[in-house]
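Heavy-atom basis, side chains included; hydrogens, waters and symmetry copies ignored.
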Amino acid sequence: MRNFTIGAPYSKSKVTAGSLDVHPTEKALVVHYEVEASILGEGGGHVLGERKEGQKIIRVKSLSPSTDVAALAKKVVEECKLIPSSRLPQVEHLLYYLQNRKSSPVEDKQKRTAKPRELTPFDGMELNEEAIITQVDDYIELLYEGIPEKIRGAALILQLARNPDNLEELLHNEATLGALARVLREDWKQSVELATIIIYVFFCFSSFSQFHGVVSSYKIGALCMSVVEHELKRHDVWCEELRKKSKSAPENGTLRRDQDKALKKYQGLLAKQEQLLRVSLYLLLNLAEDTRTELKMRNKNIVGLLVKVLERDDEELLVLVVSFLKKLSIFLENKNDMAEVDTVERLARLVPCEHEDLLNLTLRLLLNLSFDSGLRAKMVEVGLLPKLTALLGDENNRQVALRILYHISIDDRFKGMFVYTDCIPQLMQSLYEHSEQETEAELISILINLAANKKNAQLMCEGNGLKMLMKRALKMKDCLLMKMIRNISQHDGATKPLYIDYVGDLAAEIRAEEEEEWVLECLGTLANLTIPDLDWELVLKEYNLVPYLKDRLKPGSAEDDLILEVVIMIGTVSIDDACAAMLAKSGIIPALIELLNEAPAYLIDLMHDKNTEIRKVCDNTLDIIAEYDEEWGRKIQSEKFRFHNNQWLEMVESRQADESEPYLYENDNDTADLFYSADGITPAEGSVSPDFFNDLQQQNGDFYHTGDANDVFDQTSSSPGRPVTAYGFRPDEQPFYQYS
């Protein structure tokens, strides 16, 4: 057999010189060229080809006004194979141009120091990004030189990263991000400018969720936390040094000039530092999109660092910090952290402020924090109440201010403090101005709460206040407005006699045809009017109220709230002897006795209520009932026994149930695995109540957050003991089990 070989294809490349130009910012020539690579077949025919453009930078750092341009041009042509000798005159011309190119003093200084201006080092310069990408390896080389060169290299890469279209290209060049992360890790303390630029590059990646994993893989988040913490400590040192110089400097003289010089230096350093803080915190905010990453930040005291930055005056930095805190505040742990580091005190100085976005964000953060009673008290303590009142006239912030004021008005401790602000007159005025429209829920809710205070109620009734309220409530049949009127009516003193003119109007509304909620408020208002010499007998007869009251005392005829108001109303009108006699003849007393007989059953149900005060009242009342009724006494004693011995009784009942069941298996050994199927999770029989497992499940995933976006408008209830967490169990702590 004859041996033969198949001719393998071979490759061929051709380099063609292109245009020749000067570098826009450096003393260098840029040579453009084209590489054509071809794959030839056995016979030398063209099989496959590809063209790729490139460029080479020839730096001529030695070029100066005294340089021999002709000799330098000849040397460049000899050493660079991409430039044919025929282009020697062009090279000489370009070098001559570089030698005489003028620059402003500022630009000249930037070139000498190689420091970028702020975060936009190439503003106003038209660089070819495609050309820069091909030279990214050259920029990486700069990262292995001195600090000025590192700044320049990082700045060039930043210019690419600021265009989202280039991020994929940079990501594919693994050496780029690795080198940047290494330089940041080793040199961030050496240069604020360098740290700012490199973090800015990673910030560009963090703006897109799909790149978060890349940023995290280089541990940039942890580095940024370290940067922020270090810079805040440096700032404290600067302030202390400045304070010492200010204290020692006299009014005039050399020391005074030194102090002024130190102040200017401090202001310059502060501007650069705040720029670094801004880009670092922005990157962290982007990464906190993942709650697992946010939890790591929380464990490294992100809340304390952010609250510390609230001392600054830079509004853009403050907008970022308040936004970050607002996002964090939806979680219970973070809210508690904020309570420990005087967050409210530092936010108070931002209300009001001229920066509209900052003011709105601050108010929304305060709204989230106002769900905590302790933080509400702190808001009042630092003087936020009059500041919030002043914002009621600001349409952009009115709604948020109203909601915070509503939360403050819930607490009885602070209701009386509204008297010393302009809040109630403003709210009443708003109520009158929108007489034909539906009342704002927040507005009327605040007024309902504040009406429970006597001084506030008197302020609301000043002038024709009560007349206007009653007129609108009766016309619109507004239940919330009538609830406010009802709260005002409970106070003794100057306000109660004002209701005499409206007794008939209120009595006319108590009819079976009306909505029960509306009747409840009208009846409750009448029941509060314990006014001497008021002829209740005439009122009940004229408006035929006795049958209505009697019918509502029947079991199941109405909701409990309405039945309660009927009982209170009967007590109020019975002050009039003639009216009391009329009610006795109507047969209403047996209905009241029947209700009284049902009371112990309700009290027994409430004996297990979560509210401590309700349990206490029920317990005392049941003790009194037990003293006077032996049968109820036995029932109450039995129920108390079951309540206090619930776990033991459940264990006994379960054992009795087990003993009563027949054997389901012929061989007892077949059942052995049934008692070990939970892998040791199931506790020993009777050692823990069944509620144990419910409590355990509720701790994982329960969170302190409702409402839209990042705002909190409600609270979830939590069991006593350790607060629940939205993050689940902390990675640095053992699981916590709450026993019943």
4.5 Å side-chain heavy-atom contact, [X] and [Y]:
X	Y	answer
Asp236	Lys308	yes
Asn360	Asn396	no
Leu325	Leu310	yes
Leu392	Leu402	yes
Tyr139	Thr176	no
Asp342	Val307	no
Asn286	Val215	no
Leu369	Lys378	no

key: Stepwise side-chain contact (heavy atoms from CB on, under 4.5 Å) check, Phe324 with Leu328   = CA-CA 6 Å; Phe324 206 155; Leu328 295 171; 3.9 Å; yes
Can you give me the closest heavy-atom contact between [X] and [Y], atom names plus distance?
X	Y	value
Leu361	Ser323	CD1-OG, 3.2 Å
Pro352	Leu359	CA-CD1, 4.0 Å
Cys423	Leu405	SG-CD1, 4.2 Å
Ile220	Ala181	CD1-CB, 4.2 Å
Lys387	Gly383	CG-O, 3.7 Å
Leu242	Leu263	CD2-CD1, 3.7 Å

Kindly say whether [Y] contributes a backbone atom to a donor-acceptor pair with the side chain of [X] at under 3.5 angstrom?
X	Y	result
Arg376	Ser370	yes
Thr362	Leu358	yes
Glu442	Tyr406	no
Gln273	Glu231	yes
Ser217	Val214	yes

request  = Could you go through the side-chain contact (heavy atoms from CB on, under 4.5 Å) check for Leu269 and Trp238 one step at a time?
outcome  = CA-CA 9 Å; Leu269 292 172; Trp238 294 345; 3.7 Å; yes
[atom2] on [Y] to [atom1] on [X], rounded to 0.5 Å:
X	Y	atom1	atom2	result
Gln159	Asn166	CD	CG	9.0 Å
Met379	Leu366	CE	CG	5.0 Å
His355	Cys353	NE2	SG	8.0 Å
Lys326	Leu367	NZ	CG	9.5 Å
Leu156	Ile151	CG	CD1	12.0 Å
Ile408	Leu385	CD1	CG	5.5 Å

More than 12 heavy atoms from other groups under 6.0 Å of CD on Glu354 = no
task = Would you check, one step at a time, whether the test side-chain hydrogen bond (donor to acceptor under 3.5 Å, both in side chains) holds for Arg364 with Asn368?
result = CA-CA 6 Å; Arg364 291 186 178 278; Asn368 286 2; over 6 Å; no
Is any side-chain N of the basic residue among [X] and [Y] closer than 4.0 Å to the acidic one's carboxylate O?
X	Y	answer
Glu149	Arg152	no
Lys244	Glu241	no
Arg398	Glu395	no
Arg298	Glu333	no
Arg312	Asp314	no

task = Test salt bridge (Lys or Arg N to Asp or Glu O under 4.0 Å) on Glu229 and Lys300 and set out the steps.
result = CA-CA 10 Å; Glu229 185 176 9; Lys300 291 181 178 291; over 6 Å; no
In terms of ring plane angle, is the pair [X] and [Y] parallel, tilted or perpendicular, where the classes change at 30° and 60°?
X	Y	result
His230	Trp188	perpendicular
His235	Tyr266	tilted
Phe211	Phe208	perpendicular

Results of ring pair (Phe, Tyr, Trp, His ring centres under 6.0 Å) for Phe203 - residues two or more places apart only =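 Counting only residues at least two positions away or on another chain, Phe203 forms a ring pair (Phe, Tyr, Trp, His ring centres under 6.0 Å) with Tyr200, Tyr282.
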message = Run the side-chain contact (heavy atoms from CB on, under 4.5 Å) test on Leu177 and Phe205 for me, step by step, so that the C-alpha distance in whole Å, both residues' side-chain angles and the decisive distance to 0.1 Å come before the verdict.
response = CA-CA 10 Å; Leu177 297 183; Phe205 282 92; 3.7 Å; yes
Which residues share a side-chain contact (heavy atoms from CB on, under 4.5 Å) with Gln99, sequence neighbours left out = Leu63, Thr67, Val69, Tyr96
ask   = Only one of His407, Lys415, Arg413 clears side-chain hydrogen bond (donor to acceptor under 3.5 Å, both in side chains) with Asp411; which?
value = Arg413
message = Applying side-chain contact (heavy atoms from CB on, under 4.5 Å) to Val351 and Leu347, what does each step give before you reach the verdict?
response = CA-CA 7 Å; Val351 181; Leu347 289 174; 6.0 Å; no
note = In Leu98, Ile57, Asp21, the residue satisfying side chain to side chain contact (heavy atoms under 4.5 Å, CB included) with Leu29 is Leu98
